[in-house]
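In what follows, a single structure is set out as structure tokens and then discussed.
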Amino acid sequence: MKQVKFLVFADLHHYPGVFYTDARNKLAEIMKRAENEKVDFAVSLGDFNHSCGTFTEIFEDIKKYSIPLYHVMGNHDTDGAPLKEVLKAYNMPHEYYYFDVNGFRFIVLDTNYYGYSGGQVHFQYRNYFDFPKTREHMPQKEMDFLKDAIATAPGQCVLFSHASLERHHSGGGGTFNQPQIREIIKEANANGRKVIMSCNGHHHRDFLRILDNVAYFDVNSASFDWLNQPHDHFPKELCDAYDLADHQAIWTKPLSAVVTLTDDGTIDIKGSKSEYLYGVTREMSPNVICDGAGRPCTAEILSASFKLL
């Protein structure tokens with residue numbers, strides 16, 4: 001049987017002076033776990049760095065690690081730099097691409113477009129905030145790429161995206177044209193197990209759902225939960241040093257998951273847990289407990305082991 005093992009994390013949010021994430025140390029711990037677990041590769045599911053042209057030190061850190069690190073484009077990755085510059089900094093061949101390991105195909109998708117005037121525009125310099133109803137869009141040419149990548153795969157496929165392919169866009173904040181994408185997956189699996197898993201970040205939530213014999217894994221943030229309404233529970237010196245610290249519920253340890261896939265349909269996930277910085281939880285803030293998909297904030301990533309049909 002063929003097997004592959006990888007580490008996945010999401011939403012590190014390296015943004016010195018704005019978010020308190022201790023991102024460089026968290027990344028070091030994540031990659032140390034990858035090395036200790038002897039994974040084949042690691043994946044960041046987006047929102048890795050808010051300005052790759054300004055905060056370049058974390059890219060020097062990456063060079064120290066022996067485990068390959070692949071990137072998925074997140075909505076915030078192009079907040080402070082153009083797409084072309086981000087692709088170069090992240091060593092990405094394209095905003096969507098695939099790679100094969102041990103007979104499995106891993107398809108990296110880009111959900112960072114918004115619909116405008118009959119077409120799609122890529123996120124850049126926070127332009128997407130003006131288009132909340134059509135953001136997290138996947139263009140037709142990318143869906144065509146997805147079909148072809150699945151059809152030509154040497155074996156089973158795993159999808160990586162920033163926004164969820166399982167959540168509904170309305171309320172849940174998932175990919176805008178999720179129904180069409182899900183139909184591509186269902187058609188691919190009509191004659192056997194082809195797409196077995198889809199992993200996403202973006203939502204800062206921990207959730208797993210088996211839908212149409214595909215494991216949809218909503219991977220929690222490595223760093224924190226975002227709070228729309230600020231709180232006043234952190235020390236003044238922390239809030240003075242980080243502009244948006246009062247909008248965060250922060251993990252003290254980085255969250256990641258190690259996923260092992262076997263081509264008989266077995267999926268094993270080893271998650272992780274953390275405490276909250278200064279014990280400050282979402283429940284202590286003036287924010288609703290669950291997000292638009294009804295999922296609560298937790299400082300953990302689940303563990304699970306199961307076999308697809």
Side-chain angles (χ1 to χ4, degrees), residues 6 8-13 43-48 70-78 95-96 106-115 120 122-123 128 131-139 142-143 145-146 149-150 157-186 188-189 195-226 228 255-257 259 267 269 271 288 290-298 300-302 304 308:
F6 62 91
V8 64
F9 67 96
D11 300 276
L12 188 68
H13 287 285
V43 179
S44 166
L45 291 171
D47 285 359
F48 182 78
Y70 293 92
H71 287 275
V72 175
M73 191 66 64
N75 57 296
H76 288 298
D77 288 305
T78 54
E95 57 261 39
Y96 46 91
F106 299 91
I107 305 173
V108 175
L109 298 170
D110 185 0
T111 56
N112 302 291
Y113 292 82
Y114 62 84
Q120 292 82 33
H122 199 278
F123 294 1
Y128 52 91
F131 299 90
K133 293 183 179 180
T134 61
R135 54 178 286 186
E136 277 74 53
H137 210 114
M138 188 181 292
E142 184 177 352
M143 289 193 287
F145 158 82
L146 174 60
I150 296 170
C157 300
V158 176
L159 312 183
F160 295 131
S161 63
H162 189 55
S164 171
L165 305 183
E166 172 264 329
R167 290 169 174 248
H168 291 289
H169 183 265
S170 177
T175 304
F176 179 84
N177 40 358
Q178 176 241 42
Q180 295 97 311
I181 299 165
R182 288 267 309 284
E183 191 61 33
I184 291 172
I185 296 170
K186 287 176 68 175
N189 287 350
V195 178
I196 59 172
M197 193 174 196
S198 178
C199 304
N200 68 271
H202 187 47
H203 308 284
H204 295 226
R205 287 298 183 270
D206 174 46
F207 193 77
L208 176 69
R209 182 184 186 188
I210 311 299
L211 187 62
D212 297 325
N213 209 35
V214 178
Y216 290 89
F217 189 20
D218 204 348
V219 179
N220 204 349
S221 167
S223 303
F224 69 95
D225 184 32
W226 167 256
N228 286 324
L255 299 183
S256 63
V259 180
I267 299 177
I269 301 171
V288 295
C290 295
D291 68 3
R295 297 170 191 177
C297 168
T298 58
E300 65 180 299
I301 293 178
L302 59 82
L308 299 173

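Positions are given from 1, in the same order as the sequence printed here. What's counted below: heavy atoms across the whole structure, side chains too, no hydrogens, waters or symmetry copies.
Contact record, S221 with S223: OG-N, 2.9 Å, taken as the closest heavy-atom pair. The shortest non-hydrogen separation linking L109 to Y96 is CA-CB, 4.1 Å. Taking both residues in full, the closest heavy atoms of G201 and A10 are given as CA-CB, 3.7 Å, listed atom of the first, atom of the second, then distance. What you find for G115 and T134 is that their closest heavy atoms are O-OG1, 2.9 Å.
Using cut-offs of 30° and 60° on the angle between ring planes, the pair H13 and H204 is tilted. Note on ring orientation: taking the six-membered ring where Trp is involved, the planes of F160 and F6 are perpendicular (angle over 60°, cut-offs 30° and 60°).
Here the options are D225, T298, D218, N220, the test is side-chain hydrogen bond (donor to acceptor under 3.5 Å, both in side chains), and the partner is R205; only D225 passes. Screening N112, N75, T111 against H202 for a side-chain hydrogen bond (donor to acceptor under 3.5 Å, both in side chains) leaves a single residue, N75.
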Trace of the side chain to side chain contact (heavy atoms under 4.5 Å, CB included) decision for D291 with F207: CA-CA 12 Å; D291 68 3; F207 193 77; over 6 Å; no

Do N213 and N189 pass the side chain to side chain contact (heavy atoms under 4.5 Å, CB included) test, and can you show the C-alpha distance, the side-chain angles, and the key distance before you say yes or no? CA-CA 9 Å; N213 209 35; N189 287 350; 5.7 Å; no

Set out, in order, the CA-CA distance, both residues' side-chain angles and the distance that settles side chain to side chain contact (heavy atoms under 4.5 Å, CB included) for F106 and C157, then state yes or no. CA-CA 6 Å; F106 299 91; C157 300; over 6 Å; no

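Side chain of H169 to backbone of R135: a donor-acceptor contact under 3.5 angstrom is found. Not a single donor-acceptor pair under 3.5 Å links the side chain of E300 to the backbone N or O of G271.
Considering only heavy atoms from C-beta on, L302 comes within 4.5 Å of L208 through its side chain. You'll find the side chain of L45 stays beyond 4.5 Å of the side chain of F217, heavy atoms only. Contact of the I181 side chain with the T175 side chain is registered, since non-hydrogen atoms from C-beta on lie closer than 4.5 Å. Looking only at side-chain heavy atoms (C-beta outward), M73 and F123 stay at 4.5 Å or farther from each other. I301 places none of its side-chain heavy atoms less than 4.5 Å from the side chain of F9.
The distance between the ring centers of F176 and H137 falls below 6.0 angstrom. A distance of 6.0 Å or more separates the ring centres of Y114 and Y128.
Look at R295 and D206 and you find no salt bridge, because none of the NZ, NE, NH1 or NH2 atoms lies under 4.0 Å from a carboxylate O.
Atom CG of residue L159 and atom CD1 of residue I150 lie 6.0 Å apart, to the nearest 0.5 angstrom. Here the straight-line distance linking atom CG of D11 with atom CZ of F48 works out to 12.0 Å at 0.5 Å rounding. Distance check: Q178 CD to M138 CE gives 10.5 Å after rounding to the nearest 0.5 Å. From N177, atom CG reaches atom CD of E136 across 11.0 Å, with rounding to the nearest 0.5 Å. Summarising the geometry, atom CG belonging to L211 is positioned 11.0 Å from atom CG belonging to L165; distances are rounded to the nearest 0.5 Å. Note that CZ of R167 and CG of N200 are 7.5 Å apart. Values are rounded to the nearest 0.5 Å.
In this model, no donor atom of one side chain and acceptor atom of the other lie less than 3.5 Å apart for D77 and H71.
Counting non-hydrogen atoms of neighbouring residues, nucleotides and ligands closer than 6.0 angstrom, the NE2 atom of H122 exceeds 12 such neighbours.
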